[in-house]
Amino acid sequence: NRNVTIRQAEALQTSFMVVPIDETTVDPAQWGKNFPRQYDGYLRTADKYSTTYGGAGSDGMPKSRLEEDPRLVTIFDGYAFAVDFRLRQGHAHMLEDQRTTKRVTERPQTGACLHCHASNTVAYREAGLRHGAPGALTDAFASSSAQQQLMKGFEEICKLPYEEATMLVSHPVACIDCHDPKTMALRVTKPGFLRGIDALAKSGEPLPHLPSIERWRSGDRAKPYDPNTDGSRQELRSMVCGQCHVEYYCGPKATLFFPWNKGLKVEQIEEYYAEYKFANGAPFTDWTHARTGAPMLKAQHPEFEMWSQGIHARSGVSCADCHMPYRREGAIKISDHHVRSPLLDITRSCQACHRFPESELLARVATIQHRTKMLMDRAEDALVQLIDDLGRSKQAGADASRLQAAFALHQKAQWRVDFVNAENSMGFHAPQEAARILGEAIDFARQGQLAVRDANGR
Amino acid sequence: NRNVTIRQAEALQTSFMVVPIDETTVDPAQWGKNFPRQYDGYLRTADKYSTTYGGAGSDGMPKSRLEEDPRLVTIFDGYAFAVDFRLRQGHAHMLEDQRTTKRVTERPQTGACLHCHASNTVAYREAGLRHGAPGALTDAFASSSAQQQLMKGFEEICKLPYEEATMLVSHPVACIDCHDPKTMALRVTKPGFLRGIDALAKSGEPLPHLPSIERWRSGDRAKPYDPNTDGSRQELRSMVCGQCHVEYYCGPKATLFFPWNKGLKVEQIEEYYAEYKFANGAPFTDWTHARTGAPMLKAQHPEFEMWSQGIHARSGVSCADCHMPYRREGAIKISDHHVRSPLLDITRSCQACHRFPESELLARVATIQHRTKMLMDRAEDALVQLIDDLGRSKQAGADASRLQAAFALHQKAQWRVDFVNAENSMGFHAPQEAARILGEAIDFARQGQLAVRDANGR
Amino acid sequence: MTASSSFRFAAFTASATIGVLAGAGSYTFVKAEGLSYMSDDPAVCVNCHIMREQYDGWRHGPHRAVATCNDCHLPHDTLLNKLFVKGSNGWNHSREFTLQGFAEPIRIKPGNSQVLEANCRRCHATAVGDITAHGTLGVPSDPLQQADLYGCVRCHQSAGHGPTR
Ligand SMILES: [Ca+2]
Ligand SMILES: [Ca+2]
């Protein structure tokens with residue numbers, strides 16, 4: 001392969017292996033000895049900041065989304081998110097923020113939560129070995145024994161109560177979760193993603209932004225799709241993020257999963273949940289709304305899903321392109337491991353591709369985000385009014401059977417509002433798609449109000 | 001832009017003035033003798049075609065929008081557009097299509113209609129001279145005498161009945177409407193646009209896509225903004241189209257005008273109409289809805305306004321860049337005067353800027369247009385249901401005073417649905433803005449239905 | 001000489017011979033423009049007005065002072081390879097120019113974008129050593145190759161000819 005020869009010929013050894021690292025090396029500080037520049041950036045994810053919609057504030061506790069938008073307390077009534085729900089901050093805080101949220105301290109949670117809040121590649125494999133998976137921790141990650149260790153351990157840790165499980169990990173996401181210690185090539189290691197992308201590949205949904213899946217589909221499909229061997233480097237620059245920045249189910253009733261079996265669009269995920277049955281045969285739902293009694297779905301940070309609907313994804317622009325732009329350090333270029341809002345570094349994050357002044361690029365983002373926010377406010381108002389109407393007629397003793405239509409509309413409307421609100425770019429990752437989803441949300445919420453009136457014979 | 005200067009040079013070298021042309025030369029065939037390539041393209045606008053949403057069909061009468069979407073008959077009930085409303089076709093047909101539409105043959109119309117359906121630069125000036133405007137027809141277009149002729153004639157012709165006025169013109173839009181016969185430089189000649197852009201310049205609305213206006217604003221404003229002297233060439237490549245592809249008022253109650261005094265956004269135009277009073281002091285309205293009795297606004301082809309909200313406009317991409325792409329003929333490049341859907345010539349229209357395969361670019365447009373269409377269907381359904389509800393309660397004898405809120409919502413909802421439906425790119429010119437507008441439309445329509453129920457004490 | 005370059009040598013001789021024998025096409029080729037390919041002077045690329053846009057772009061681009069057309073568009077691994085690509089490009093473009101059969105806008109061909117990226121990395125090896133060490137950034141990089149978009153030009157599209165829009 002010609003590329004490989006070029007690479008070997010030209011790759012200059014600008015970083016030196018001062019300490020050996022392998023599949024057992026969790027501590028980023030060790031990796032950092034070999035790659036000090038990347039490690040420095042990685043550590044800086046502890047920095048706090050705010051943009052109009054990004055970041056979580058420049059000091060103290062991350063800002064509360066519930067205080068910023070009290071409608072959310074009504075919207076999530078009866079669910080843990082109504083108790084404590086904050087803005088996200090840098091990777092360095094992920095483990096601590098999870099351990100201290102009231103959603104964990106005041107509500108029982110399982111070890112599944114750790115899937116995206118800690119470096120657990122090794123923790124999973126060790127647990128797998130303890131539970132009888134074959135091989136040794138030093139086995140290459142790609143080996144079938146290592147894969148069995150990973151999946152077995154994942155299943156087991158998901159079953160543990162959170163307090164027990166969290167003792168098994170000690171770092172936020174770390175080098176080993178995204179990199180092969182031998183080659184430093186990118187890799188995905190999170191079980192939820194490995195299963196989710198497999199289901200997605202098997203689905204019929206066209207994926208122009210993931211050409212390696214399209215290629216796999218047109219092949220004999222003898223082996224299942226494997227992102228680490230079939231995926232291109234450019235795709236992996238997004239997939240490593242898709243390990244966590246996705247919608248998920250993470251609760252006691254089933255092992256953590258990504259609902260991608262029918263595709264990544266909001267209505268495809270909704271449809272999958274609608275058909276999904278828990279082990280006990282019960283239909284899928286996250287919780288029952290306290291005010292209305294309607295069965296609810298909770299959407300969480302579908303960045304990967306929304307990005308997939310946008311023009312950037314179609315154009316081969318990866319998460320890392322914008323959130324980990326190349327930066328020059330001395331004579332050489334590295335990927336900025338200070339993962340954060342691109343608006344803090346427009347020059348590197350955007351201007352390589354967009355030859356417009358920084359002020360103009362900021363204005364474009366502001367326009368997109370403002371349109372999204374205005375429409376989202378409109379949708380949340382409609383949703384809250386529906387919840388009030390439903391709540392009132394329940395109190396007035398209207399019998400639930402006549403409110404079924406309204407319940408269904410409540411779920412559909414809220415699922416959509418939540419999908420955009422939980423997504424963290426305020427519409428930027430897919431501007432028209434975000435607006436489309438909100439338009440539907442408004443329709444379902446208002447139809448719900450009509451259904452309530454009509455049900456009450458009026 | 002250097003390529004451009006080169007091309008101008010080429011254009012001049014390679015076209016020989018075989019016949020003299022001046023401000024009195026209306027007939028494009030005359031101009032065509034000097035510029036045969038452009039003339040050939042101009043003639044080809046007679047060709048018929050269809051894309052998914054563009055064109056008007058490959059043969060016979062242009063397709064009827066009313067047959068394609070019967071909801072429009074309910075939506076425009078009581079207005080001429082409910083009688084005859086077709087898809088647009090090429091420029092060559094503009095005059096004939098206007099003369100033969102039932103909106104003209106079965107409804108009285110004024111000469112104002114001709115503003116955008118004929119070459120009338122000369123017709124206006126001649127009429128102006130007849131009505132005592134100073135100077136001669138040969139005066140340079142920029143001269144104050146010529147401007148007085150133009151405006152006077154425009155006012156007079158607008159007052160005539162259509163049948164009389166249309167005898168004064170004999171060509172669809174022609175060279176002289178967009179070009180200075182001496183230099184072939186672009187120019188705008190339509191009174192409605194000259195007044196509209198003046199009002200827009202005076203407004204406070206930021207116009208990042210029209211930098212010459214921003215520059216004029218920051219100056220001493222001694223002279224009013226003049227697109228023909230202040231506007232850049234790139235801006236004129238859109239403004240010549242903005243002479244006609246815009247929202248307008250064109251009726252008996254006031255001289256034709258473009259409602260741009262507060263800006264180009266859908267709600268800014270709405271606000272301007274809300275404050276506008278006709279000479280007789282009556283508030284502004286286009287017609288009263290036959291089914292509901294609500295005062296209505298009609299939106300017409302706001303391409304210029306929608307384009308202004310899109311990323312392309314902000315990026316300095318003009319109408320002509322996409323709809324009149326440069327094509328090489330032998331050694332020189334000319335602007336394709338066969339103005340039509342860019343989807344019929346992706347290579348020249350898009351690939352000059354987008355390094356993606358034709359299939360991919362077509363897929364992008366399809367995705368944007370499909371999202372828009374789905375949301376528009378949703379909005380039209382909501383609107384029609386509101387009209388039905390209002391109609392029913394009127395029949396049921398509900399007194400109008402209690403329905404005021406619902407009437408207002410009917411107008412707001414319909415204005416927005418119509419704005420997107422009348423715009424001819426099915427959302428492409430500004431994808432997120434189109435979706436935002438439809439989201440609002442849905443909200444107002446459904447709120448209207450709620451208002452009806454609540455008004456009827458139920 | 002390696003197996004591949006000896007094949008290339010054969011191919012080059014072949015294309016050169018065809019060039020000499022091939023009537024009108026080779027007439028143009030010999031007459032002037034084709035020969036331009038044998039020079040390293042950018043001015044001669046623009047013997048063809050068709051190269052004007054790129055020439056002007058290059059003259060306004062960030063590399064005008066440091067790299068000429070051939071620094072970027074011809075291989076610099078072996079002389080033979082350089083001659084071969086020169087010959088075949090010169091031949092193709094002359095033929096296309098004579099027949100006027102090429103598609104516009106003119107777009108770099110897959111083979112030539114590989115050559116191009118190799119040159120970026122030849123000159124900037126130090127700068128990009130870290131980012132390329134663990135996996136190529138990746139030719140093919142041209143979307144028209146229906147492949148993933150990676151490689152230098154994905155972000156530095158304007159390096160050669162300035163902003164193209
Ligand atoms: Ca969820
Ligand atoms: Ca109007």
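Letters A, B, ... mirror the listed sequences (proteins, then strands); counts begin at 1. For the numbers below, each heavy atom of this structure counts, side chains included, while hydrogens, waters and symmetry mates do not.
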Under the salt bridge (charged side-chain N to carboxylate O under 4.0 Å, His left out) rule, collect the residues that match up with A/Asp321, sequence neighbours excluded.
A/Arg237, C/Arg154
Please report, to 0.1 Å, the donor-acceptor pairs under 3.5 Å made by any side chain of residues 62-69 of chain C, with sequence neighbours excluded.
unit_1  : atom_1 : unit_2   : atom_2 : d
C/His63 : ND1    : C/Ala159 : O      : 3.0
C/Arg64 : NH1    : C/Gly61  : O      : 2.4
C/Thr68 : OG1    : C/Asp71  : OD2    : 3.2

Residue A/Gln38 versus chain C: region with a heavy atom under 4.5 Å:
side chain
Shortest non-hydrogen contact from C/Ile131 to A/Lys333?
CG2-O, 3.4 Å
For A/Ile332 against C/Thr126, the heavy-atom pair lying closest together:
CG2-O, 3.4 Å
